[in-house]
Amino acid sequence: MDSLTPRMPTSAQAKRRRRDIRRSWPEKLFDVCNYTLFVLLGLSTLLPFVNLLAKSLSSEAAVVAGRVNLLPIDLQLGTYRYVLEDDAFMGALRVSLLLTVLGTALSLLVTTLTAYPLSKPRLAGRKWLLLIFIFTMLFSGGLIPTYLLMHNLHLVNTLPALFLPSMVNVFNMLVIKNYFEGLPDSLEESAKLDGAGHIRILLSIYLPLSLPVLATIALFFAVFFWNDYFNAMIYISTPSLKPLQLFLKELLVSSSDFLRNATLNPDQALNTAPQSIQAASILLATVPILLVYPFLQKYFVKGVLVGSVKE
Amino acid sequence: MIRKIAAISLAGALTLSLAACGGNSGNEGGSGSDKPELKMLLQYGRFDPNEDYAAKAISRLTGYPVQYDMLPAEEADQKLNLLVANKEPYDLMKLSAPQFYNLASTGALEPLDDLIEKNGPDIKKAISGVAWESAKLNGKIYGVPETGSGIAISEELVVRQDWLDELGLKMPTNPDELYTVLKTIKEKKNVIPLTASKDAVSALLGDIAAAFGVTTDWVDQDGTLVHQVETPQMKEYLAYMNKLYAEGLLDTELPLNTAAKMMEKFANGQAAMFKIAWYNAPSTIKALEKSDPNAKPALVPFLKDMNGKATVYAASGTTWYAVVPKYAKHKEDAVKLLNAKLSPDIFKELAIGQEGVHHEVKDGKYYPILPKFTDDLNNASNYMTGVDETNYPNYWQARVRKDPTLQSYFEQMQANAEGLIVTDPIALAPPIPQVAENKLNLLQLQIDEMLNFITGTEPLSDYDKFVAKWKEQGGAEMTEGANEWYKSSKK
Amino acid sequence: MTNRNPHSATAPQPSRRSVCKNIRADRELYLLLLPGIAVLLLFKYTPMYGVLIAFKDYSIFDGMGGSPWVGMDNFRKLFESDDFLLVLRNTVEISLLKLVFLFPLPIIAAILLNELRQLAFRKAVQTVIYLPHFLSWIIISGLFIDLLSINGGLVNKLLGSFGIEPIPFFLSNAYFRGVLVTTAGWKETGWSTIVYLAAFSTIDPGLYEAARMDGAGRWKRIWHVTLPGISPVIVLMLILRLGSMFTGDTEQILAMYNSTVYKSSDIIGTYVYRMGLGKQEYSFTTAVGLFESVIGFALILSGNYLSRKYLRRGIW
């Protein structure tokens, strides 16, 4: 597939290098400011995670006293051992991985298939079809009728309940459609001359040229399925089918909320998770999805179009 | 390639849904007996309810295989409604008081009078007449009430005794002395003299409010119940707190403080005083000792009011209800299971395990054997469906004795509170519809407005406006409902 | 210099003859639409009758049939409540503040990222600045309460070194909206750049080369090549953003506000949440949701209309 991704001509790169050397001082100043800005911004977004990491590696006493900032105090690894040995955590992790992989693959497929025809201005009734889709971004029947539907489809308490209804995400569909519209019509025209049908045009011409947007939408879907806890909260009752974010959510909620009503319910207050374990759980539940982006980043190469498009 | 992926994923989805359905029907042992597998819905807990020691002990001791599901930690009421409205097959459910009222009043629950009469001799023995009143609606029993571990005090002010000593201050005994102490601490130590949290109305009340006469939700004035927000005492209390806040004696960030934040400020020496709960004592006190080895925390005896009398409010009443849905398949067996769980020996084992394995008896008190006790019985109370009211408070205290700090704070608080405890006049009432409907949002209104008056966001001269708003948003209705029951109960 | 990417809205309308010629191929197009439409009809439109709950006094146990009609009562309850005007104004004002200050941020950030020459640094920064998207509002709220605390928070310490009195950011109606906008920007800007970064790849590098040849500086290139290149995405994002004007902030504000700043930050979503605590107000919440949806839909329709009229492109 890599061979389909054309690179920028090397002569252009060389030319650019030469130009770089002769940059004027406002351009240099701009660069300095730009780099400084992103270093600061990057630090501000990274520090909370460093803080969580430090907390997860510190003794509970130091965390409770709020003494942990960026470095662990009284270093310990027990929290990670505790979380990773917790069957409920590992079970939830497996459910989440499965859900994310299946959900992303299916949703990406259906959403792309939907976006393609809707990107064709020629399609009769296109405006109304688009409105029908966009309508559902704003209006929904609400939880009760949806639950009733899922109940009648025997989907309650099953994993497909968590991804089947989300297979067409209208926002994501519109982003792909928008991208397809930006591809030159000449692509389709020349393929048609060769007698190719729409499915073949989509698969062999549009998709390879749309890797950046497909990577983006795959990321959006993956993050959506990974982070979704609400649907699981409503549709899943069996503890062993709970995904990770629901597990995490409940871990954090139970620690804060039960403290409020603890007077009548001291046993639950006694059983809340230590803060260092909460920090470790947040990190362990976030890191897998963070790894997706760097992996997809290579598809964000500038100028995929050049070379393959001869207008 | 895409098509292939699609085909594989679709196939995967299908097998998954089948697997998910298959996973539901647990194949517990005990086949051959005439006891069917029961399905029970529990409240949220942080553990797998089907793998817990307590779950296995229940099956072993009662002979009933039970499959457990849990409500989520958030949106539990919403989820419960969906489950019941769609008749998800549960034989037993453990409900909170508002949930119980909600389902009982819509006719979703089975009346249990006859079933208990027939199959529940041990249930009747374990639970007192007063508790049964709280489970009745229109004269019929709709659930087995669980009153919990007995009446106990859970919170009391704690102060840095080492700082009092250093500044030559005596332990305060009333609001005036407290003011002097806080003022001196502020001037000499430059720390937050008193911190608190915004998490609940109860977090804003407590020791100081009690010294102004604000304790229970409802106050009997000549035979009529009046809510605490309508009493002049509440206004006096808020005026006092507003003075503390304005002079910087009460944490300026009170409206932002979570319970954890409040404990953090005390534990790292930023604050000199706060209301500690015994169940939080181990983590807070250990953290304090770690960050300042010279720190000496001490409980402040309950403050006295103008007449030199101290009172302390203790929450009481029915916490949980074990109910059988109207559409349950195994109603009779469900009640039989409840009965078996309340027979004295089985109840004891479910509460504190086996003697010599999970607990031991010293001077007539139950002590846990660690770590076995915690490993096996940490979540045992989640499975409870009513308690042996005479013995459970004693059994339960084994839980407090698993940590010396926990035990000492718990026991000191109970000793300090002895003879001073007051409880709410409607604590043991059955669910009162007007109260159940309005309570939560009125509590939110109350806490918001209390914070505004304390911080001075709104002047106390607007207090009557708040009371009018409170009445309009359901307070008047709630007061009427509470009084209806109160008057009928005294006949 | 113009953007050469043709766009639907500017593309010539097909003649009747070509429609007929492509009829077989078009059938294929509808075939591709089938799975999407099926999912939409089954999971989104089948339960749509649920909006009727807004016009009933709904009880979940009585069901749709058993619950009585109450006409517009639930809407009246919203419009006639004492604080409605206040929360409506707050909702609109906070949304507008966010739209004005936060909508351009990811576009600017994406362009600036694009100007970073060191590829490794650029990739690292991209990966780092989207991290806060994964933190919940509860956690972010805790972080900023610490950072902006008047008892030793970093920001107030810094202000103090310039002789400025500590500012109670979370407790002051004057500053709290600023906190809301800043934290929302910090949380979502990095994440929102992604869709623009992807859009850059549609721009033909030849255009940059041509601009360079013409002696266009960095600003000219950004203005005449980059911005027009991603303008379809910008327009799409803007129109869709309009649809969530009334609903987007509830989760954040619930996690961050407190009663001392209700005056400046209580919005429809948070107000309805507090009023409904402990109640089964399905009908009222559905009515509020419906009200928000109607406004959102109207905004999207007019946004698209205006965009087509003045920018010659739109979603449809």
Side-chain angles (χ1 to χ4, degrees), chain A residues 8 12 27 34 38 41-42 44-46 48-49 110 113-114 116-117 120-123 126-127 130-131 133-134 136-142 144-146 149 164-165 167-168 171 174-175 178-179 181-182 184-185 197-199 212-213 216 219 286 290 293-294 297 300-306, chain C residues 5-8 11 14 19 22 25 28-30 32-33 35-36 39-40 43-44 46-51 53 60 112 115-116 123 125-132 134-135 143 186 190 194-195 197-198 200-202 204-206 209 218 232-233 236 240 243 282 286 293 296-297 300 315-316:
Chain A
M8 207 189 280
E27 296 235 329
N34 204 9
F38 279 110
L41 196 64
S44 84
T45 51
L46 193 60
F49 285 83
V110 178
L113 290 186
T114 312
Y116 178 77
K120 300 290 164 210
R122 184 191 55 237
L123 191 78
R126 173 174 176 272
K127 178 184 169 179
L130 275 166
L131 273 173
F133 276 89
I134 291 169
T136 63
M137 290 178 89
L138 290 144
F139 295 90
S140 87
I144 300 168
T146 313
L149 173 73
L164 288 183
M167 273 196 309
V168 183
F171 179 91
L174 289 173
V175 173
N178 211 49
Y179 192 97
E181 284 170 354
D185 285 341
H198 278 296
I199 293 175
V213 80
T216 308
L219 177 71
T286 314
L290 294 182
Y293 185 53
Q297 241 179 357
F300 285 62
V301 192
K302 213 170 165 187
V304 267
L305 275 181
V306 83
Chain C
N5 293 338
H7 191 273
S8 59
V19 172
N22 286 327
E28 214 177 346
L29 282 180
Y30 290 108
L32 289 173
L33 262 180
V39 170
L40 200 73
F43 289 107
K44 306 287 179 201
T46 313
M48 204 61 96
Y49 66 90
V51 296
I53 289 175
I60 186 170
L112 292 179
E115 296 296 321
L116 293 174
K123 283 192 168 179
V125 166
Q126 280 174 22
T127 314
V128 170
I129 61 170
Y130 93 137
L131 288 179
F134 294 90
L135 293 175
L143 279 174
W186 179 77
I194 292 175
V195 70
L197 290 173
F200 285 148
S201 58
T202 51
D204 181 354
E209 282 309 309
R218 195 199 300 257
V233 181
L236 175 71
L240 292 181
Y282 294 109
T286 310
S293 302
F297 198 57
I300 286 197
I315 302 180
W316 60 88

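Protein chains get the first letters and strands the later ones, always in sequence-line order, with residue 1 at the start of each. Side chains are part of it too, since the values below use all heavy atoms of this structure and drop only hydrogens, waters and symmetry mates.
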* To do: Measure A:Leu290 against the heavy atoms of chain C and call it side chain, backbone, both or neither at under 4.5 Å.
  => both
* Considering all heavy atoms of both residues, which atom of C:Pro47 and which atom of A:Pro145 are nearest to each other, and what is their separation? -> O-CB, 3.5 Å
* Relative to chain C, which segment of A:Ser140 carries a heavy atom at a distance below 4.5 Å: side chain, backbone, both, or neither? -> backbone
* Provide the closest heavy-atom pair for A:Thr136 versus C:Met48 in the form atom of the first, atom of the second, distance. => CG2-CE, 4.5 Å
* Can you tell which part of C:Ile129 gets under 4.5 Å to a heavy atom of chain A, answering side chain, backbone, both or neither? => both
* Structure fact -> Between C:Gly36 and A:Thr114 the two heavy atoms that sit nearest each other are CA-OG1, 3.5 Å
* To do: Name the option with the most non-hydrogen atom pairs under 4.5 Å to chain C; the candidates are A:Phe171, A:Phe49, A:Phe38, A:Tyr116.
  => A:Phe38
* Structure fact -> Under 4.5 Å to a heavy atom of chain A? For C:Val125 that would be side chain
* Structure fact -> Applying a strict 4.5 Å limit to non-hydrogen atoms, the region of C:Ile194 in contact with chain A is both
* Asked: Judged by atom type as modelled, is there a donor-acceptor pair below 3.5 Å linking the side chain of A:Thr45 to the main-chain atoms of C:Val128?
  -> yes
* Asked: Can you tell me how far the CD1 atom of A:Ile144 sits from the OG1 atom of C:Thr286, to the nearest 0.5 Å?
  -> 6.5 Å
* Structure fact -> Ranked by heavy-atom pairs below 4.5 Å to chain A, first place among C:Val51, C:Ile53, C:Thr127, C:Leu197 goes to C:Thr127
* To do: For C:Lys44 and A:Val168, run side-chain contact (heavy atoms from CB on, under 4.5 Å): C-alpha distance rounded to whole Å, both residues' side-chain angles, the deciding distance at 0.1 Å, then the answer.
  => CA-CA 10 Å; C:Lys44 306 287 179 201; A:Val168 183; over 6 Å; no
* **Note, C:Trp316 side chain near A:Leu174 side chain (heavy atom, < 4.5 Å)** => no
* Does any N or O in the side chain of A:Gln297 come within less than 3.5 Å of the main-chain N or O of C:Lys123, such that one atom is a donor and the other an acceptor? -> yes
* Taking it one step at a time, do C:Leu33 and A:Leu123 satisfy side-chain contact (heavy atoms from CB on, under 4.5 Å)? -> CA-CA 11 Å; C:Leu33 262 180; A:Leu123 191 78; 4.2 Å; yes
* Look at the rings of C:Tyr130 and A:Tyr293 and say which category their plane angle falls in: under 30° parallel, 30 to 60° tilted, over 60° perpendicular. => tilted
* Mind ranking A:Leu41, A:Leu149, A:Leu138, A:Leu46 by heavy-atom pairs under 4.5 Å with chain C and telling me who comes out on top? => A:Leu138
* To do: Please flag which part of C:Thr46 lies under 4.5 Å from any non-hydrogen atom of chain A: side chain, backbone, both or neither.
  => side chain
* Structure fact -> CG of A:Leu130 to CD1 of C:Ile315, rounded to nearest 0.5 Å, is 8.0 Å
* Go through the steps for C:Val39 and A:Leu164 under the test side-chain contact (heavy atoms from CB on, under 4.5 Å), then give the verdict. => CA-CA 8 Å; C:Val39 170; A:Leu164 288 183; over 6 Å; no
* Side chain, backbone, both or neither: which part of C:Leu143 has an atom under 4.5 Å from a heavy atom of chain A? -> side chain
* Which value, rounded to the nearest 0.5 Å, describes the distance between C:Leu29 atom CG and A:Ile199 atom CD1? -> 9.5 Å
* Asked: Given A:Asn178 and C:Val233, is the side-chain contact (heavy atoms from CB on, under 4.5 Å) satisfied, shown in steps?
  -> CA-CA 7 Å; A:Asn178 211 49; C:Val233 181; 3.7 Å; yes
* To do: Please name the pair of heavy atoms, one in A:Tyr179 and one in C:Ser201, separated by the smallest distance, quoted to 0.1 Å.
  => OH-OG, 3.5 Å
* Per-residue contact mode, C:Leu240 against chain A (heavy atom under 4.5 angstrom) -> side chain
